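First the structure, in the form of structure tokens, and then the observations on it.
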Amino acid sequence: MLLSLFRILITALVSFLGLTILTFGISQQATTPLHDYQSTHWFPQYFEYLGYLLTANWGNSDLSGNDVFTELLKHFPASIELLSFSLILAIFVGLFFGIMAAKNRGGWLDKGLMSATLVGYSMPVFWWGLLLVLFFSLYLGISPVAGRIDYAYYIQPITRFMLIDTLISNHNYGSAAFFNALNHLVLPAVTLSWIPMAIMARMTRSSLVNILKFEYIRTARSKGLPENRIIWIHALRNAMQSLLTIGGLQISILMTGLIIAEYIFAWPGVGSWLLSSVSRQDYPSIQAGILALSSLVILFNLMLEIMANYLDPRKRRPLS
Amino acid sequence: MNYAKVNGLSMRLKHFKAKPSWLMFSKNNGALFGSIILAAAVLLAIIGPWIAPFDPAQQFSSRSFHPPVWNQGGNFTHFLGTDDLGRDLLSRLLHGARLSLFLAGFIVLIAAGTGVLIGAIAALLPPLLRSILMRIMDLLLSLPSLLLAIAVVAIIGPGLSNAVYAVILVLIPQFVKLTQNSISQELCKDYCIAAKLDGANSIRLLTKHVGPNIVPAVIVQLTFSFSTALLDIAALGFLGLGAQPPLAEWGTMLAESRSYIQYAPWTMALPGLAIFLTILSINLVGDGLRDALDPQLNQ
């Protein structure tokens, strides 16, 4: 167990090192050098760059001159908030629809849900976001178009997670501020969780349909266990493994969606910051944005690997 | 050598039994539906610029935001209406179809060619070098394709041709990984060992024996990469990093329509619908092909 954990950590570390080579390349494009390098050759410079990264010295922006790492920390919580909300939405709604479809296998509900998910995973995120804005914000008028909270509210940033800040900071808006922030969060989250949700539902359905044919399920049925217990406890536990294997793909889809959704909804997160840095050719910021978003992907994959390892003892092989 | 030739031929026959694959594909309603839409899209991409009623950049300044024919005030002159500058939307969509589909096809062919070549070379490399190469590919694969494309565009600058290079670079690892994996799986099989014993060198082994057997997997990957390429080019155009206005590209058209979605929802709905239908049809065809050609991949 420990050895295989070690292997997983090493793999993640190697990925991270590879990533820093890419971002080092980007940082070389900056008009003024990012750091005061001691050496002149790029190869020792790279190791100095790694040292600077570890000490949270990520250079200063070409345009504003601000420290890039502080800028990043300002934008990071907004992205995490949106990402985690969407992830939860995708997992639970996807699971729910997948189970509904598997329960009614071959029925109209199953067919309808599966056609819907097929349409769902072919939906371009940027178009889907615009359609949602058109319908919910402009036509129905029930959802705000952009931003994290209305300008009428001023919330002192503490954690920079708007949902938490509206609850813990000192203000006299009452719960209205919290619900306003939540309302701002829903549309971007639905936009970006749509495709992962569709994939989740399809995978849940197909793996459940396979598992429900197994004999231990028949045993559970003949013991007289309630159907819900069989599905949620007995079958789902085994379905988790195949769901975890597509987790990496899901994260990568979510991250793509995050950049696009932040752009559409003017969400002040890392994705929109990265895009505006690209259009301003502010290479230190681009470097920081790509490093942060990619590290997030690597971190998620690491967590998935560890979970898969925990769930499936056969995966616990040592160094290979 | 005669034996090897016969062997290669029989391998090819075994995996290209056109009838059963075709039957499986044609029984799949979704795949049939998808291929009809895709065929229509390809046809429109080929003949579109000739049947387009107007020049895609021609501005009818008196007729901006002319509604499409099914809306009140629409007429058949501008069947799908016009955009903010009074450009005919149907003509722009048809030109965009050629641009998007041809670019995606070009990207996928280049990426597949390069990727398969690198993958085949990787299969011949000594284990240590191969595993280093594959780790790099794993890293590139684990990162979201759009994020990588943005990174590449950030280095070489925005613009359509640079976006194309970026997407090509992003798609190559998929093919490298697929080719290398399939080749190393095939090399363990009996027919490869037999061919080796028969004196086939590694080049011959790869081209004559293994090659035909990995073609189905590559074809399936081609369709999915085609949809990724189309989507990424459109997304980069939408984000202002790919095709620049006034070029009629679907993603760029969507980006231009953003400010007017309330006044002129059709300028947003139609380019998006074009992207969506194309992606849907490719995915349906890809699913059908996977089920028909490569039953092992279908879990």
Side-chain angles (χ1 to χ4, degrees), chain A residues 11 14-19 21-23 25-26 28-29 115 118-119 121-128 130-131 133-134 137-139 203 206-207 210 242 245 248 251-260 263-264 271 274-275 277-279 281-283 286-287 289-290 293-294 297-298 300-301, chain B residues 30 34 131-132 135-158 227-228 230-232 234-241 250-251 254-255 257-258 261-263 265 268-269 271-284 287 298-299:
Chain A
T11 319
V14 169
S15 301
F16 181 73
L17 282 180
L19 176 66
I21 294 176
L22 177 72
T23 56
I26 296 173
Q28 293 289 302
Q29 306 278 319
S115 314
L118 191 68
V119 170
Y121 87 67
S122 303
M123 191 68 97
V125 186
F126 38 94
W127 190 48
W128 181 233
L130 291 180
L131 284 180
V133 168
L134 181 66
S137 307
L138 303 176
Y139 183 66
M203 281 302 287
S206 67
S207 54
N210 271 335
S242 52
T245 53
I251 293 306
S252 133
I253 292 171
L254 266 177
M255 209 50 95
T256 307
L258 181 77
I259 299 172
I260 293 171
Y263 179 76
I264 295 177
L274 173 66
L275 284 176
S277 307
V278 170
S279 57
Q281 307 219 315
D282 179 2
Y283 289 104
I286 298 171
Q287 166 238 190
I290 286 179
L293 290 183
S294 314
V297 174
I298 293 175
F300 264 114
N301 279 324
Chain B
S131 95
I132 292 174
R135 284 279 156 253
I136 297 172
M137 293 301 148
D138 279 342
L139 167 69
L140 292 177
L141 273 179
S142 72
L143 297 180
S145 69
L146 188 67
L147 189 65
L148 264 185
I150 289 175
V152 177
V153 168
I155 297 176
I156 58 181
S227 88
T228 314
L230 197 78
L231 210 52
D232 278 0
L236 285 172
F238 178 76
L239 299 173
L241 303 174
W250 289 347
L254 260 183
S257 74
R258 263 184 84 200
I261 53 175
Q262 203 164 8
Y263 307 116
M268 178 272 284
L273 191 67
I275 301 174
F276 166 65
L277 280 180
T278 318
I279 299 287
L280 180 68
S281 64
I282 299 168
N283 283 346
L284 285 172
D287 280 346
N298 182 28
Q299 289 151 358

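Throughout, protein chains are lettered first and strands after them, A, B, ... in sequence-line order, and every chain is numbered starting at 1. Values below: all heavy atoms of this structure, side chains included; hydrogens, waters and symmetry mates excluded. Here the structure is a predicted model, which is why all the values come from computation and not from measurement.
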Quiz prompt | Proximal component of A:Leu131, with respect to chain B [non-hydrogen, under 4.5 Å] | solution = both

Quiz item: Hey, are the side chains of B:Asn283 and A:Leu118 touching, using non-hydrogen atoms and a 4.5 Å cut-off?
Solution: no

Self-check item: Proximal component of A:Gln281, with respect to chain B [non-hydrogen, under 4.5 Å]
Solution: side chain

Self-check item: With B:Asp138 via salt bridge (charged side-chain N to carboxylate O under 4.0 Å, His left out) - residues at least two apart
Solution: B:Arg135, B:Lys177

Quiz item: Any idea which of B:Leu143, B:Leu146, B:Leu239 has the most non-hydrogen atom pairs under 4.5 angstrom with chain A?
Solution: B:Leu239

Quiz item: Which pair of heavy atoms, one from B:Ile279 and one from A:Ser122, lies closest together, and at what distance?
Solution: CG2-O, 3.6 Å

Practice problem: Using a cut-off of under 4.5 Å on heavy-atom pairs, state which of B:Pro265, B:Ala234, B:Ala154 scores highest against chain A. | Solution: B:Ala154

Quiz prompt | Toward chain A, the part of B:Ile282 with a non-hydrogen atom under 4.5 Å | solution = neither

Self-check item: Structural part of A:Leu275 lying under 4.5 Å from a heavy atom of chain B
Solution: side chain

Quiz prompt | chain B contacts, top residue of A:Thr11, A:Thr23, A:Leu138 (heavy-atom pairs, under 4.5 Å) | solution = A:Leu138

Quiz item: Is it the backbone or the side chain of A:Val119 that comes under 4.5 Å from a heavy atom of chain B, or both, or neither?
Solution: both

Exercise. Could you tell me whether the side chain of A:Val278 reaches within less than 4.5 Å of the side chain of B:Pro158, counting heavy atoms only?
Key: no

Exercise. Give, as side chain, backbone, both or neither, the part of A:Tyr283 having an atom under 4.5 angstrom from any heavy atom of chain B.
Key: side chain

Self-check item: Partners passing side chain to side chain donor-acceptor pair (under 3.5 Å) against B:Ser145 (at least two apart in sequence or in another chain)
Solution: B:Asp232

Quiz item: Given a strict heavy-atom distance threshold of 4.5 Å, which part of A:Leu19 is in contact with chain B: side chain, backbone, both, or neither?
Solution: both

Practice problem: Report yes or no: does A:Trp127 contribute a side-chain atom to a donor-acceptor pair with the main-chain N or O of B:Gly251 at less than 3.5 Å? | Solution: no

Quiz prompt | B:Ile155 side, atom CD1; A:Ile290 side, atom CD1 - distance, nearest 0.5 Å | solution = 7.5 Å

Exercise. Give the minimum heavy-atom separation between A:Val297 and B:Pro144, together with the two atoms involved.
Key: CG2-CD, 3.8 Å

Quiz prompt | Closest-packed option against chain B by number of heavy-atom pairs under 4.5 Å, given A:Leu134, A:Asn301, A:Leu130, A:Ile298 | solution = A:Leu130

Quiz item: Would you call the rings of B:Phe238 and A:Tyr263 parallel, tilted or perpendicular if under 30° counts as parallel and over 60° as perpendicular?
Solution: perpendicular

Quiz item: Side chain, backbone, both or neither: which part of B:Ile136 has a non-hydrogen atom closer than 4.5 Å to chain A?
Solution: neither

Quiz item: Is it the backbone or the side chain of B:Leu277 that comes under 4.5 Å from a heavy atom of chain A, or both, or neither?
Solution: neither

Quiz prompt | Distance-minimising heavy-atom pair for B:Ser142 and A:Ser252 | solution = O-CB, 4.2 Å

Practice problem: Counting only heavy atoms closer than 4.5 Å, note whether B:Ala255 contacts chain A via side chain, backbone, both or neither. | Solution: neither

Exercise. Identify the two heavy atoms, one from B:Ile261 and one from A:Val133, that lie closest to each other, and give their separation to 0.1 Å.
Key: CD1-CG1, 4.0 Å

Practice problem: Go through the atoms of A:Ile264 and report whether side chain, backbone, both or neither lie under 4.5 Å from a heavy atom of chain B. | Solution: both

Quiz item: Highest number of heavy-atom pairs under 4.5 Å with chain A: which of B:Leu241, B:Asp287, B:Leu147, B:Ile275?
Solution: B:Leu147

Exercise. Quick one: pull up CG in B:Leu148 and OG1 in A:Thr256 and give me the separation to the nearest 0.5 Å.
Key: 9.5 Å

